[in-house]
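Reminder, nothing fancy here: chain letters follow the sequence lines and each chain counts from 1. Only this structure's heavy atoms are used, side chains among them; waters, hydrogens and symmetry mates stay out.
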Amino acid sequence: MDGQFNLGDRLPVLVDRIVASYNRDARTRHIDCTFLPSPPEVEELIRRSLELLFPGFFGRQDLSSFNVPFHVGELLPRIAQLTFRQVNKCLCYAQELEHRGVGPDGGCDKAARRITLAFVDHLVAVRDVLSSDVEAAYDGDPAAMNCDEIILAYPGLLAIAVHRLAHELYKQEVPMLPRMMSEWAHAHTGIDIHPGARIGDRFFIDHGSGVVIGETTEIGDNVKIYQGVTLGALSFPKDERGRIIRGAKRHPTVEDNVTIYANAIILGGDTVLRRGCTIGGSVFITSSVPEGAKVNISPPPLHVKESKRPAAAKSDGDFQI
Amino acid sequence: MDGQFNLGDRLPVLVDRIVASYNRDARTRHIDCTFLPSPPEVEELIRRSLELLFPGFFGRQDLSSFNVPFHVGELLPRIAQLTFRQVNKCLCYAQELEHRGVGPDGGCDKAARRITLAFVDHLVAVRDVLSSDVEAAYDGDPAAMNCDEIILAYPGLLAIAVHRLAHELYKQEVPMLPRMMSEWAHAHTGIDIHPGARIGDRFFIDHGSGVVIGETTEIGDNVKIYQGVTLGALSFPKDERGRIIRGAKRHPTVEDNVTIYANAIILGGDTVLRRGCTIGGSVFITSSVPEGAKVNISPPPLHVKESKRPAAAKSDGDFQI
Amino acid sequence: MDGQFNLGDRLPVLVDRIVASYNRDARTRHIDCTFLPSPPEVEELIRRSLELLFPGFFGRQDLSSFNVPFHVGELLPRIAQLTFRQVNKCLCYAQELEHRGVGPDGGCDKAARRITLAFVDHLVAVRDVLSSDVEAAYDGDPAAMNCDEIILAYPGLLAIAVHRLAHELYKQEVPMLPRMMSEWAHAHTGIDIHPGARIGDRFFIDHGSGVVIGETTEIGDNVKIYQGVTLGALSFPKDERGRIIRGAKRHPTVEDNVTIYANAIILGGDTVLRRGCTIGGSVFITSSVPEGAKVNISPPPLHVKESKRPAAAKSDGDFQI
């Protein structure tokens with residue numbers, strides 16, 4: 001199939017129509033603007049940070065007590081530079097948006113430096129919490145053989161690691177970048193944690209596909225969550241003009257020592273799962289749960305149509321998917 | 001671990017057995033055939049198209065009113081060539097399959113050209129609809145700060161963008177390629193939209209993991225869908241020999257202004273969600289819903305076993321996952 | 001944004017703190033250890049194996065009866081070498097862990113060779129079973145046009161292919177590597193099958209996002225599963241000290257000719273879905289199902305609040321997500 005396809009004289013016409021389309025709509029173009037975070041660089045930032053957080057697992061696997069200080073001494077400035085670039089772009093982006101296309105002359109260096117320094121300062125603290133998350137995964141999963149396996153192969157651990165990094169930047173009110181980091185983790189794990197969510201220590205998501213944790217969720221220590229769980233909003237508070245109020249507490253609070261099993265849906269900014277309660281699979285909750293309670297669905301009565309026929313062929317097509 | 005592993009005299013025996021396995025089964029080999037779409041080229045086609053649809057976001061981020069016509073003038077022929085190649089391969093593939101291995105002498109150039117021209121012609125229209133999708137996402141998500149964030153970080157937007165491209169090729173009856181594009185989007189977003197699905201303007205999928213939209217689904221304008229929603233088939237109509245009839249309307253119709261919340265399952269070719277209705281979370285529906293209705297599960301009664309014991313330790317392992 | 005960011009005199013301090021953090025916690029570092037599987041090499045092993053299992057689809061697409069023996073003769077030793085390296089690393093890793101940091105002098109060559117030879121020996125058998133899986137997908141999905149489409153674009157087929165490879169290594173008791181392979185498939189398909197799961201012929205997962213199949217699951221022949229299905233654990237048996245017992249049968253058994261529809265949750269090591277039964281969507285099951293039975297939820301009663309108002313605007317924000 002080496003046939004060439006040539007648009008010929010249609011090309012100028014098509015170009016004009018496409019450019020006109022760009023001019024028509026500001027929402028889907030980024031032209032004559034200077035600042036925007038770069039998806040490949042955001043991925044680079046995440047990957048280098050993971051190398052630092054979990055030495056010897058990703059990237060170099062030959063670290064020793066002797067070479068590790070040099071390794072860190074080379075890796076950390078790279079992470080700092082990547083962070084500074086993206087943060088600077090995002091801050092300038094926000095200013096440019098606010099000042100109708102006029103970017104700041106001196107960049108946003110001062111704020112970007114402050115934020116970057118705070119970020120790298122916090123890496124040790126993030127690492128310490130992640131150690132507790134690894135331990136929680138090991139304790140919480142009978143299939144886990146050791147901690148190395150958890151770091152190399154557990155999507156829940158990858159998701160919380162990226163979250164804790166993104167959350168640092170969210171707290172510093174960096175626009176765009178935290179959500180891009182969270183979406184990278186979402187694409188790689190199926191786990192969707194908004195960077196605004198506040199999550200305590202020893203946090204474990206097992207399996208994980210389909211987990212959604214909303215922006216204003218608060219989660220305590222020692223919480224375990226299974227696949228398909230939603231910690232979501234019950235309603236969207238609106239202002240007097242009917243516009244959705246951004247920033248209101250819309251998502252639940254989960255206290256310490258709570259376990260939430262697969263496919264449970266917990267909704268509402270006033271909903272609190274109190275200490276030590278257990279939420280069973282497929283539960284649908286829109287009000288608070290008392291301390292230590294075990295909440296279980298009465299499984300909907302099942303229709304069981306039994307059959308005397310031989311079951312040689314698969315009974316198919318008569319049913320829902 | 002630089003140890004070499006050598007199969008030695010076992011290699012010829014193993015090769016013979018594997019080749020014999022290839023000869024035994026036509027379903028899992030592509031040998032002595034000429035035409036097959038190439039997954040990496042399909043990805044390239046998607047990525048270049050996304051660059052064109054959302055200028056300045058992916059790839060070059062330094063576009064200006066001055067350079068953008070040249071940028072488009074260089075990008076568009078590349079997209080056209082990629083499309084032509086893959087479409088040509090897919091059409092020839094279908095012919096080769098039909099004529100038992102004899103490929104068409106002149107390729108499928110004529111049809112491939114027609115289809116490719118139609119595809120590039122439609123890119124402006126696709127772009128216009130996607131602008132409405134971006135706006136719908138901004139209006140529909142309190143966590144969205146601006147449209148740029150939606151384009152850079154919302155899996156729902158990525159999925160509908162790829163879908164609208166794949167659907168154009170599906171309508172042209174190109175085999176294979178539309179589904180490969182949809183699966184690329186599925187792998188990157190967790191959202192599974194069959195390229196045959198017909199979807200109106202202002203379509204927004206929030207969160208998205210686990211969404212499944214079947215081939216014969218029809219969706220109107222201004223529809224919002226949350227994670228885990230299935231628009232699926234109730235049964236598979238069969239012909240008189242018991243073979244599943246391909247192409248029959250199996251999936252629901254969703255009219256304008258409908259919202260479907262997380263984990264709802266809507267099934268059946270005759271099922272219609274009429275204008276303005278709202279489908280609550282975890283609802284299971286196999287029959288039509290009237291205009292403007294709000295459908296909600298009576299959440300199954302919950303067993304709540306309360307506890308007087310201190311909730312210091314997590315109550316684990318006594319429950320379902 | 002070419003501004004340079006320099007940590008200056010903070011760098012040595014930060015490095016010391018990070019290295020101290022590494023020294024503090026053995027669970028999240030891999031330093032002064034020699035052996036660990038390499039994620040990029042595991043991906044390489046998977047991709048080369050897929051090329052061998054499905055000739056002409058991935059990688060080279062120009063295979064002919066004449067060149068295929070040479071192609072296989074070149075590809076197979078590469079697969080063997082990749083497998084040997086990773087298996088060797090994993091076996092040595094386990095020994096190093098057991099002997100407190102002292103790696104085996106002679107590597108684990110002998111066992112790694114035996115395991116690698118068994119793995120390549122089994123590739124033909126894996127390929128034969130995968131042919132049955134492809135056929136099951138074609139028979140089970142009305143949207144499937146042909147087998148090539150299934151191989152190129154069906155995540156369920158990709159997931160079962162990787163599973164069958166990982167399972168071979170799991171049976172050989174190779175640590176780490178099987179789970180890393182399964183997680184690669186999970187990240188690419190949203191399907192989470194523990195490498196310990198035993199799965200018969202003609203296995204088809206349609207759509208697939210959110211499927212979780214636990215370590216001790218047993219599945220017979222001709223089983224079809226839709227998206228969001230969990231085959232999970234009901235409880236975790238504990239020993240007398242309250243520690244979770246690893247390895248106990250915790251997950252269900254699914255006999256031949258069973259179909260499980262979307263979002264069903266089946267839990268428990270004693271739960272058996274007997275031959276030919278059909279499990280409807282959203283069902284929640286913790287006890288066995290008789291042969292040939294059809295199990296369906298009585299869909300929870302729906303609240304339908306009908307509306308006489310025009311449905312022009314979308315009714316939003318008054319509801320759960």
Side-chain angles (χ1 to χ4, degrees), chain B residues 1 3 5 7 11 14-15 17-19 21-22 25 27-32 36 38-39 175-176 179-180 183 186-187 190 192 194 209-210 212 215 222 226 230 232 236 244 246 257 259 261-262 265 275-276 278 280-281 283-284 290-298 300 317-321, chain C residues 54-57 61 63-65 68-69 72-73 76-77 80-81 84-85 88-89 107 109 116 120 124 127 131 134-135 142-143 145 147 149 152-153 188 190 207 209-210 227-228 232-236 238 262 267 281-282 299-307 309 311 314-316 319-321:
Chain B
M1 292 289 87
F5 180 83
L7 285 164
L11 177 59
L14 287 164
V15 170
R17 288 176 54 205
I18 288 169
V19 174
S21 158
Y22 293 168
D25 197 321
R27 293 163 304 187
T28 51
R29 71 167 186 250
H30 188 78
I31 297 171
D32 290 330
L36 200 70
S38 156
M176 300 282 273
R179 287 211 76 177
M180 291 176 69
E183 272 314 316
H186 185 196
D192 183 348
H194 191 286
S209 281
V212 175
E215 181 177 19
N222 207 33
Y226 286 86
T230 289
F236 299 149
I244 291 174
R246 297 176 195 277
N257 303 327
T259 300
Y261 286 99
I265 296 184
R275 282 169 51 90
T278 308
V283 160
F284 186 92
E291 184 167 323
K294 294 186 185 181
V295 181
N296 223 358
I297 53 166
S298 299
D318 288 331
F319 239 1
Q320 297 87 336
I321 58 163
Chain C
F54 300 107
F57 287 94
Q61 292 189 324
L63 294 177
S64 73
S65 314
V68 84
V72 174
L76 188 60
Q81 178 63 24
F84 174 74
R85 258 179 77 86
N88 208 344
K89 281 194 200 185
D109 278 30
T116 302
V120 300
V124 170
R127 198 172 174 281
S131 291
V134 169
E135 188 179 71
M145 290 292 110
C147 291
E149 184 173 70
L152 280 175
H188 284 76
H207 303 296
S209 282
Q227 65 275 17
L234 182 60
S235 63
F236 300 148
K238 290 181 173 157
L267 306 175
S282 298
L302 301 178
H303 276 188
V304 182
K305 269 170 65 181
E306 306 219 8
S307 165
R309 296 176 301 129
K314 179 159 60 179
S315 165
D316 187 37
F319 240 179
Q320 296 87 337
I321 61 163

Step by step, would you call Val72(C) with Tyr22(B) a side-chain contact (heavy atoms from CB on, under 4.5 Å)? CA-CA 11 Å; Val72(C) 174; Tyr22(B) 293 168; 3.6 Å; yes
May I ask you to decide if Ala143(C)'s main-chain N or O and Arg179(B)'s side chain share a donor-acceptor pair within less than 3.5 Å? yes
Scanning both residues in full, the closest heavy-atom pair of Ile31(B) with Ser64(C) reads CG2-C, 3.5 Å
Nearest heavy-atom approach of Pro69(C) to Val15(B) is O-CG1, 3.7 Å
So, the part of Leu7(B) with a heavy atom under 4.5 Å from chain C: the answer is side chain
Is the side chain of Arg127(C) donor-acceptor paired with the backbone N or O of Thr28(B) at a distance under 3.5 Å, no angle test? yes
Can you tell me how far CZ of Phe5(B) sits from CG of Asn88(C), rounded to the nearest 0.5 angstrom? 10.5 Å
Taking all non-hydrogen atoms of both residues, which atom of Ser209(C) and which atom of Gly210(B) are closest, and how far apart? CB-CA, 3.9 Å
Is the shortest heavy-atom distance from the side chain of Gln227(C) to the side chain of Asp192(B) under 4.5 Å? no
Side chain, backbone, both or neither: which part of Ser21(B) has an atom under 4.5 Å from a heavy atom of chain C? both
Spacing of Met145(C) atom CE and Met176(B) atom CE [to the nearest 0.5 Å]: 12.0 Å
Chain B heavy atoms under 4.5 Å from Phe84(C): which part of the residue, side chain, backbone, both or neither? side chain
Side chains of Leu11(B) and Pro77(C): does their closest heavy-atom pair fall under 4.5 Å? yes
Considering all heavy atoms, the nearest Ala262(C)-Ile265(B) contact: O-CD1, 4.0 Å
Heavy-atom pair of closest approach, residues Ala187(B) and His188(C): CB-O, 3.5 Å
Rounded to the nearest 0.5 Å, how far apart are CD of Gln61(C) and CG of Leu36(B)? 5.0 Å
Using non-hydrogen atoms and a 4.5 Å limit, figure out which bit of Val134(C) sits close to chain B: side chain, backbone, both or neither. side chain
Just how far is it from atom OG of Ser131(C) to atom CZ of Arg29(B), taken to the nearest 0.5 Å? 10.0 Å
Which heavy atom of Phe284(B) sits nearest a heavy atom of Gly281(C), and at what distance? CE1-O, 3.8 Å
Which distance, rounded to the nearest 0.5 Å, do you find between the CG of Leu76(C) and the CG of Leu14(B)? 5.5 Å
Which value, rounded to the nearest 0.5 Å, describes the distance between His194(B) atom NE2 and His207(C) atom NE2? 8.5 Å
